[in-house]
Amino acid sequence: MKSRDLRLIYDRSAPGHEGYRLPDLDVPEQPLDRILPKEALRAEPPLLPEVSEPEVVRHYIRLSTLNHHVDKDTYPLGSCTMKYNPKLNEDLCRLPGLAGIHPMAPEELAQGLLGLLHRFTGELAEIVGMDTVSLHPAAGAQGELLGIRLIRQYHDHRRNKKKTVIIPDSAHGTNPATARMVGYETVEVRSKEDGRLDLGALREVVNEETAGLMVTNPSTLGLFESEIAEASELLHSVDGLVYMDGANLNAMLGLTRPGDMGADMVHINLHKTFSTPHGGGGPGAGPLGIKAKLEPFLPVPVIVERDGRYLLDSDRPHSIGRLHPYVGNVGVILRAFAYIRSLGGDGLARISRGAILNANYLMKKIEEDYPVAKPGWCMHEFVSTLSWMRKQGVKNIDVAKRLLDHGVHAPTVSFPLIVPDCFMIEPTESESPTSLDRYAEILREIAREVREDPETVKSAPHRTPVRRLDEAGAARKLRVRWRPKPDGERGSND
Amino acid sequence: MIPKDCRYTKEHEWVRLDGDGHVKIGITDFAQDQLGDIVFIELPEPGAKLTQHQPFGTLEAVKTVSDLYSPVDGEVAEANQAVQEDPGVINKAPYEDGWLLRAKIEDTAQLDNLLTPEQYEEQIKEMEG
Amino acid sequence: MLYVGHTPQEEEHLLRTIGVKRFEDLIASIPESMRLKKPIAIPAGESEIEVRRLFQESERRNYDPRVVPSFLGGGIYDHVIPSVVNHIQLRSEFYTAYTPYQAEVAQGTLMTIFEFQTMICELTGMEVANASMYDAGSAAAEAVLLASGATGRRRILVARSLHPHHRAILETYGRPSGLEFVDVGGEEALTPDELRDVLDGETAALLVQQPSYLGAVESLGPLADAVHDQGGLLVVSADPVPLALLEAPGKQGADVVVGEGQSLGNPPSYGGPAAGFFATTMKLVRRLPGRLVGETVDADGRRGFVLTLQTREQHIRREKATSNICTNNNLIALGFTVTLALLGPRGLRKMAEQSLQKAHYLEERLAPLPGIRRQPEGAFFREFCLRLPVPASEAIAKIYAEAGILAGIDLGRVHRDWQDRLLVAVTEKRTREELDAYVEAMRRVVS
Ligand SMILES: Cc1ncc(COP(=O)(O)O)c(C=O)c1O
């Protein structure tokens, strides 16, 4: 197993190497201390690696080979929508006349870009059934932040005294974290036995102090919230607003729209439903669709069209102010627009249909060994419970690790918290029947192993670039940066 | 397994008399096993007031955080330095070296409204179902 | 079917295996009243060449950044991007992977983040840096929230030198939790004297930008002493390129250093995606927002990397998390890391020095022109602010029309009282001819 090369770029550094050549200075040089106050200058240069270009390239290519990724094999991470990332989109967002535009260039010199963004806003609003969209949020969680901030602005504007935001117990962690950041207390509602929103329980907690409800639809259990309209009505009866977490929009395209369910706003993870790549942890984009009554409060600037020209409008007296330094993660938005333009309304509807079919197919194929937590047809994903494996001393995380040995990725095991030993599987529409069959076969094989040879599962993975990692050790003794060896040697390989 | 000389809370803390009006407080073996490797602990300073059934600190494992609840009213006399430096001690010896606080208590009779070892054992059995 | 893994024929097989007759049976849980009765009302899908054409047409209605020399900065800069960067960022292994939740098959991503954390620590002089934030604006906002949490206080002093857009983002993030923002100082570098009346035991933090939005080089040490004397924290928003030459804020007493990583390795992209960074001290590490990678060992005792201190984060601590951030801006941080790996210490220094020298060459020729004055007047780095005898928008339009140069940021768009101000940024990419042409064009504008 000596194929593992876990050296960092710093470990490859050797004095004198350089990986890039800048042109020579073509203006007269002045002594530094004439331009800058002496005390402002650095005493010691930052420690950076010294590596030649070929070595830099080899290093990062080597590192890249240690990653699992969508272009390699199945990646059914629930709630994350790891679909195929079309290559055309990568080309288009890098066009120099788009990627090279500075955000403070005069609007007249950026009409093409502003026009694309304006058109995207309109098409996205139509797709989710909202009146308009703010492109500013840089990710889903920032979309939530904007949404709850708008709720607050709405209530302040109407002099409503509101204190709480209601969140189901199946919610993603960003929901309660966001509500708290915007100064609301969170009230958790238990889900019904079938995993859905409990209207009765909701009635008990909704009152005059309720600012809003954050609800994920389909829920994080992959179930459509059939009573969402009733829940919305209930919220509206106390002038509360409904925030829909749209992370699971991949289940709804062309079938139904958040705006038609009574939701007042929805964030859209472009890095999920609209195929923009996750980049190993971003960048994403989390535009927020809203109903007209919230429009006065939108963050500035808003891209508007006047007499065929596009402008950045910051003159909006009721605006919450700014969320993004400019207008959002434009590079990500351009990819998503290329996706929408490639598919059109019809193609988008096919996407959700495909996602739902694939999820139900895989669910059916594995249900004997991986019983679904809440029975019934699922939407684009489903959550199994692996609690029977506890008898064998095996946990969901062990099965996840064993899957890695087969060259495929594991489902989500960190939530929903209401399912013991949860296993949240979202194959997406990108998978072919053959790859789904293969994934099911691997899962069945692992279930067999759990019964017959649980030790192999518990000690997995065995064939990955590194074995199971000591996370407790990492947290107890924090090593969060590379350091040179004290005797001047370079840091060492393992 | 469950020491007979302690009383217990529903939240899996133990408390044991420790001479001249003091007690020691810790978490049970069941609790440490459920949490997994404990990586960090936040404890109150000496002098801090404890209120029965109210949180006094937090324990962190790799992927969970849990609040610690005081079994008694009292005042912190000492927080165990050793477990703050190496929280793994709590996993290894939850009832001995892995104690968390030594506290001066006001009323030893308060221990009587906690779970007896037998009752606590019963509770665990139910949870393991 | 575009981007769908099965054909209509295969759909039949899927439905049969599932055990339903029609697809509609699977979605019975969607009430009839909510069903979309007609197709989504957007234009039909288009072929690859048609979509490409649409984007290329848009491209032509923008200025052409390949030929137009740009002096725009203000937080987003036009530095060189080595060819290698795009090749690495376009590796499927990096860009099509998720956040490294299964560390055993994500060592590549984890290691690049660990390298990024190290580089940020080195540039800022801090002990720990996270995996990235969305941008410098939200990073600054999270930094003052941290300061408030750590001190139990709510007043934040904000130097007027902070990027005005970032200043606005502070309000959006901080107001709801009751933070109170007090603007301090003027346009020149901030001095402790200017804090005397407002800095007291209620102050959670002082936030200063280095160099300031208008270009001034700040002297951080005395500010750190002043705020520490009152038990508050010093938060610095710093630009990484000048940090090649300027003293690391951490060495001058900063408690949190944030900033923008876009300018190393990533195009302007109309202001996003960028890559905020966030660095602090070990003392404050448990309050750090966002993801953090740590080194550890695997079951065989060999080196490996994992996400660590996850209990700070929203997926575990939920409403008590240090922040709600989840997805950050990793691929942009990768561009930053690869760029610094290529530049090394000497390359980065050269980039910074050339920007500095060229900025001063240009300033020395623009400032003496009739009616032009530099303000603030103190030391600057690669960016300076000019007051013009004409509205900045007019000068920009004329210089673009006559010389094909983007002269800088019209500060009238940022601040109502700044109509006559132009913010000029110069990077190593600008040539002497471009600088000279700029001076000539400006001369014609003002005479
Ligand atoms: C249900 C749900 N909500 C919100 C989010 C947060 O989105 P982001 O990571 O883009 O901030 C996620 C991301 O995983 C999610 O699954």
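Basis for what follows: all heavy atoms, side chains included, without hydrogens, waters or symmetry-related copies. Throughout, protein chains are lettered first and strands after them, A, B, ... in sequence-line order, and every chain is numbered starting at 1. For clarity, every value in this text was computed on a predicted model and none was experimentally measured.
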- Task: Could you tell me which portion of C:Thr308 (side chain, backbone, both or neither) has an atom closer than 4.5 angstrom to a non-hydrogen atom of chain A?
- Result: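 Side chain of C:Thr308 only, per the 4.5 Å heavy-atom cut-off to chain A.
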- Query: Can you tell me how far the CG atom of A:Leu88 sits from the OH atom of C:Tyr3, to the nearest 0.5 Å?
  - Reply: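 A:Leu88 CG to C:Tyr3 OH: 5.5 Å, rounded to 0.5 Å.
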- Item | Cation-aromatic face contact A:Arg353/C:Phe23, 6.0 Å, 45 degrees |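 Cation-pi check for A:Arg353 and C:Phe23: passes.
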- Query: Has the side chain of C:Asp298 got a donor or acceptor atom that lies under 3.5 Å from a matching backbone atom of A:Arg467?
  - Reply: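 Yes: the side chain of C:Asp298 pairs with the backbone of A:Arg467.
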- Item | SB check C:Glu104 A:Arg468 (cutoff 4.0 Å) |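 Salt bridge: no.
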- Measure up the C:His165 and A:Tyr326 rings against each other and bin them: parallel (under 30°), tilted (30 to 60°), perpendicular (over 60°).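 The rings of C:His165 and A:Tyr326 stand perpendicular, inter-plane angle above 60°.
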- Query: Given C:Thr109 and A:Asn67, is the side-chain hydrogen bond (donor to acceptor under 3.5 Å, both in side chains) satisfied, shown in steps?
  - Reply: CA-CA 7 Å; C:Thr109 297; A:Asn67 278 359; 2.8 Å; yes
- Task: Would you check if the distance from the ring center of C:His13 to the ring center of A:Tyr361 is below 6.0 Å?
- Result: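 That pair passes the under 6.0 Å test.
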- Message: Can you confirm whether C:Glu428 sits close enough to A:Pro23 that some side-chain heavy atom of one is under 4.5 Å from a side-chain heavy atom of the other?
- Response: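 Side chain of C:Glu428 against side chain of A:Pro23, heavy atoms only: no contact under 4.5 Å found.
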- Task: Start with the C-alpha distance between C:Glu115 and A:Tyr60, add both sets of side-chain angles, then the distance that settles side-chain hydrogen bond (donor to acceptor under 3.5 Å, both in side chains), and finish with yes or no.
- Result: CA-CA 11 Å; C:Glu115 293 173 358; A:Tyr60 289 105; 2.6 Å; yes
- Salt-bridge contact C:Arg52-A:Asp91 (side-chain N to carboxylate O under 4.0 Å):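 Yes, this pair counts.
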- Under 3.5 Å: donor-acceptor pair, side chain of C:Arg60, backbone of A:Gly97: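 No.
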- What is the minimum heavy-atom distance between A:Ser226 and C:Pro31, and which atoms define it?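 Distance-wise, the nearest heavy atoms are O-CG, 3.4 Å.
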- Task: Decide side-chain hydrogen bond (donor to acceptor under 3.5 Å, both in side chains) for A:His278 and C:Asn330; before the verdict, give the C-alpha distance in whole Å, the side-chain angles of both, and the deciding distance to 0.1 Å.
- Result: CA-CA 9 Å; A:His278 281 79; C:Asn330 186 64; over 6 Å; no
